[in-house]
Amino acid sequence: MTASSTEGIKTVLHPVSDLGTAKAVYTALLGVPPQADEPYYVGFEAAGQHIGPLPGGGPEGMTSPVAYWHVPDLEAKLAEVTAAGAAVKEPARHVGGGRQVATVTDPDGNVLGLLQVP
């Protein structure tokens, strides 16, 4: 095992069909307005977590929420989890602001997100 431990689940993305309605629901739930508010993504910061409703599941076509584990070294963690039996679902890619994301599936098909923040 490498020293590239996780920093915990700090980001959860939720696919939504109606971004306007989702924004209202998440604002009421979290008690804060969105910090990012774009037609393609709305992001909330609450209690040390980032919560993001994605219209239509975003470019990945998500069909269920994905929890993203924050890691200091995305490539090292990808190598570690795939060597342990996970399969790459979405390879590492840049998503803006220096952030990189990837998803893997565990042996039972559960989707696990990995996110590296600069």
Side-chain angles (χ1 to χ4, degrees):
M1 203 174 317
T2 69
S4 64
S5 64
T6 72
E7 298 166 9
I9 296 172
K10 295 183 180 181
T11 302
V12 181
L13 302 181
H14 300 266
V16 298
S17 59
D18 181 330
L19 190 58
T21 301
K23 184 170 33 172
V25 168
Y26 283 89
T27 298
L29 172 68
L30 301 169
V32 296
Q35 283 68 41
D37 192 353
E38 301 295 335
Y40 58 89
Y41 181 75
V42 173
F44 295 86
E45 298 289 337
Q49 292 186 316
H50 183 81
I51 308 299
L54 287 175
E60 305 85 14
M62 293 170 30
T63 57
S64 63
V66 175
Y68 283 81
W69 294 83
H70 286 219
V71 297
D73 185 335
L74 182 63
E75 292 297 335
K77 187 54 73 177
L78 269 175
E80 189 176 340
V81 298
T82 55
V88 174
K89 179 172 172 43
E90 295 282 333
R93 64 185 174 87
H94 292 274
V95 292
R99 290 177 171 82
Q100 293 184 72
V101 298
T103 56
V104 298
T105 55
D106 71 10
D108 293 303
N110 297 302
V111 178
L112 308 171
L114 302 173
L115 188 149
Q116 179 180 322
V117 178

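The basis for the numbers below is simple: all heavy atoms, side chains too, and nothing from hydrogens, waters or symmetry mates.
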Is a side-chain donor or acceptor of Asp106 paired with a backbone partner of Asp108 at a separation under 3.5 angstrom? yes
With heavy-atom distances below 4.5 Å as the criterion, would you say the side chains of Asn110 and Thr105 are in contact? no
Side-chain donor/acceptor of Gln35 to backbone N/O of Glu45, under 3.5 Å: yes
Is the backbone of Ala79 close enough, under 3.5 Å, to the side chain of Thr82 for a donor and an acceptor to pair up by distance? yes
Under a 3.5 Å distance rule, please check whether Gln49 uses its side chain to pair with a backbone N or O of Thr11 as donor and acceptor. no
Could you tell me whether the side chain of Thr6 and the main chain of Trp69 form a donor-acceptor pair under 3.5 Å? no
Check whether any side-chain heavy atom of Tyr68 sits under 4.5 Å from a side-chain heavy atom of Leu13, and report yes or no. yes
Does the side chain of Pro72 reach to within under 4.5 Å of the side chain of Gln116, using non-hydrogen atoms? no
Intermediate values then yes/no, ring-ring contact (aromatic ring centres under 6.0 Å, His included), His14 and Tyr26: CA-CA 11 Å; His14 300 266; Tyr26 283 89; 5.5 Å; yes
Same cluster (ILVMFWY, side-chain, under 4.5 Å), Val95 and Tyr41: yes
Below 4.5 Å, heavy atoms only, C-beta onward: do Leu78 and Val104 meet side chain to side chain? yes
Side chain proximity check, Leu29 to Phe44, heavy atoms < 4.5 angstrom: no
